[in-house]
Each structure stands twice: as structure tokens, then as C-alpha cells.
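What follows is a set of notes on a single structure, which appears directly below.
As a basis for the values below, the full set of heavy atoms in this structure was taken, side chains included, without hydrogen atoms, waters or symmetry mates. Just so it is clear, the structure is predicted and the values come from calculations on it, not from any experiment.
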Amino acid sequence: MDFLEYIDELDQKQTYSDQIPLSEESVFMTCEFCDEQTLEESTTSAVKDFIEADEYRKPPYGEASINERAQYLKEFHDNFNELTGYTNNLHFREGMEQANLGAFNPETKQIDLNEDLLLKDDPQEVMETIMHESRHAYQDFAINHPEQVSVDMETINLWEYNFKHYIRPEFDFEAYVSQPVEADANDFSERMFCDGFCNAS
């Protein structure tokens, strides 16, 4: 059974709900065209720059306060994510469930991250979460502006269908992880961190 057939079967069983509160903050569109290769190169470079920056950060990430870490990570996010057309849309939230690392809301174009991620001295998990949710923002951008990205229409149509028939982890975790938008976001975040980390001095 392929993804589309599986979704048709799940539609009768699953109820959909927003997990993210709406935001009144504006989102600034900056992108005229976003090439996939350019986005990946920019993201890898942002990872590399973030890791290397600890040599001159005062304080370095591992010794920084929660607020300082949040600021470092917002700068990391903005360093690559404006290529997707979204800026000023990353927020750390208190009180999110421990298992919920982050989420992207297509309605508000906002990324919410679990503030508990900032408690860890190693920034890898929070960086990968930022890139994962930013990839969802890119998928959403591609769906709404297909002429402004280098993604093929077959992939964009699959992403759009998946967003409309999204499988939540509490309903079927295995299906949640393997659905197209999540598989793509996982691959992107893990690959970009690995490439950036390996290239850091």
C-alpha cells in the first residue's frame, strides 16, 4: 500500500487539530527564488559558522544563559532561513510537552520550539529541530509559490496532499515518521547538520 492509499484509509479514523497557538506577529517575505542547492549550501554553511563561532563567543554556547542561547540560535536560523522567504518567525515556548520538540504552523508561518531544548549544553538537537521545522516552512513555501522554487511539481503536489492529510504521531507514530513531509524534513536536518559539522574546523 502506498502513501496515498494509506491516507485514504486513515481519513475515516483520524481527527486533525492545531498544536500551535496563533500569533499576531508579522512574517516578512523576502524570497524571489529559492534554489534547492543554494538552500542546502547556505544551511550547511550556517551550521559550520555556528559551530566555529564558539571559539570567539562570549560566553560560548555551553556556558551561555537560556536567553543567550536562544539569541544565538535565532541568528543561526535567520542565517539560512530567509532564503525560503520567511524571517522573524522562530519562537521558543514554555510548557510544551517533553516529546514535542517543535512545530510549524502553516497558517501563521510560525515555528514554535520547546524551550527545554535550550537546557542542553550540546546544541545539536535544537539545531536539527530548527532545520527540521524550517524545512516544513520551505515545503509550505514551495506549495504556495511553486514558480519560486526548484522543486518538481510531483514532489510539491505530494507535499500539499500530505499537509492536507497529515498523520499525527499520537495516532500512528510509524506512519507519522515515514510520511513524505516528515521523511524529507528529517533527511534535510540530519544531512545538513552532518555536512556542516564535518566541514567545521
Side-chain angles (χ1 to χ4, degrees), residues 2-4 20 23 25-53 71-91 101-113 117 123-167 176-201:
D2 66 17
F3 172 73
L4 298 182
I20 306 174
S23 170
E25 296 188 33
S26 59
V27 177
F28 301 99
M29 304 300 293
T30 61
C31 184
E32 293 183 3
F33 185 81
C34 183
D35 177 72
E36 183 88 348
Q37 183 176 347
T38 302
L39 175 60
E40 291 192 1
E41 289 173 353
S42 177
T43 307
T44 299
S45 177
V47 172
K48 177 178 178 290
D49 291 347
F50 184 91
I51 293 170
E52 292 178 343
Q71 185 57 44
Y72 293 161
L73 289 161
K74 286 182 178 181
E75 291 170 359
F76 161 69
H77 167 264
D78 289 344
N79 197 12
F80 71 88
N81 202 51
E82 65 180 340
L83 282 173
T84 64
Y86 300 135
T87 59
N88 194 33
N89 67 331
L90 180 69
H91 304 269
L101 302 183
F104 168 70
N105 188 321
E107 296 298 320
T108 63
K109 313 304 182 188
Q110 178 171 302
I111 292 171
D112 276 6
L113 299 176
L117 289 168
Q124 179 176 350
E125 185 174 32
V126 65
M127 290 173 71
E128 288 190 357
T129 303
I130 288 171
M131 291 184 286
H132 178 104
E133 300 306 334
S134 294
R135 184 64 176 185
H136 287 323
Y138 175 76
Q139 294 163 350
D140 177 70
F141 183 80
I143 290 167
N144 290 290
H145 307 279
E147 75 286 351
Q148 292 179 240
V149 296
S150 59
V151 182
D152 63 88
M153 281 307 302
E154 182 178 357
T155 299
I156 291 174
N157 290 336
L158 184 60
W159 287 347
E160 182 175 17
Y161 187 87
N162 192 176
F163 272 128
K164 290 178 179 178
H165 303 82
Y166 189 77
I167 305 167
Y176 158 76
V177 171
S178 61
Q179 64 188 318
V181 294
E182 291 298 336
D184 174 71
N186 283 329
D187 173 73
F188 179 81
S189 60
E190 292 170 6
R191 201 160 37 84
M192 295 302 98
F193 184 86
C194 181
D195 290 350
F197 182 82
C198 291
N199 288 320
S201 58

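Within the model, atoms CE of Met127 and CZ of Phe193 stand 5.5 Å from one another, a figure rounded to the nearest 0.5 Å. One distance of note links OG of Ser45 with CG of Asn79; it measures 6.5 Å at 0.5 Å rounding. Remark: Asp112 CG to Asn89 CG distance equals 9.5 Å, nearest 0.5 Å. For the atom pair OH (Tyr86) and OH (Tyr138), the distance works out to 11.5 Å, reported to the nearest 0.5 Å. Expressed to the nearest 0.5 Å, how far CG of Asn144 lies from CD1 of Ile156 amounts to 10.0 Å. Here Leu39 contributes atom CG and Met192 contributes atom CE; the two are 8.0 Å apart, rounded to the nearest 0.5 Å.
Taking each heavy atom of Val181 and Asn162 in turn, the nearest pair found is N-OD1, 2.9 Å. Residues Ala142 and Trp159 approach most closely at CB-CZ3, 4.0 Å, considering heavy atoms. Taking both residues in full, the closest heavy atoms of Gln179 and Ile167 are given as NE2-O, 2.8 Å, listed atom of the first, atom of the second, then distance. Closest heavy-atom contact between Ser178 and Ala183: O-CB, 4.1 Å. Residues Met131 and Phe188 share a closest heavy-atom pair of O-CD2, 3.8 Å. Residue His77 comes nearest to Leu90 through the heavy atom pair CB-CD2, 3.5 Å, listed as atom of the first residue, atom of the second, then distance.
Of the possible donor and acceptor atoms, one in the side chain of Thr44 sits under 3.5 Å from a partner among the backbone N and O of Glu40. Checked by atom type and distance alone, the side chain of Ser42 never pairs as donor or acceptor with a backbone atom of Thr38 at under 3.5 Å. In this structure, the side chain of His145 does not engage the main chain of Phe141 through any donor-acceptor pair within 3.5 Å. Of the possible polar contacts, one joining the Asn186 side chain to the Glu182 backbone as a donor-acceptor pair under 3.5 Å is found.
Environment of CZ in Phe163: crowded, with over 12 heavy atoms of neighbouring residues, nucleotides or ligands closer than 6.0 Å.
You'll find the side chain of Val47 reaches within 4.5 Å of the side chain of Phe76, heavy atoms only. Put simply, the side chain of Ser134 reaches to within 4.5 Å of the side chain of Ile111, judged on heavy atoms. Looking at heavy atoms from C-beta onward, Met153 lies in side-chain contact with Pro146 at the 4.5 angstrom threshold.
Every pair passing salt bridge (charged side-chain N to carboxylate O under 4.0 Å, His left out) that includes a residue from residues 132-151 is listed here, sequence neighbours excluded: Glu36-Arg135, Lys109-Asp140, Arg135-Asp184.
For Asp152, the side chain to side chain donor-acceptor pair (under 3.5 Å) criterion is met by Thr155, not counting sequence neighbours.
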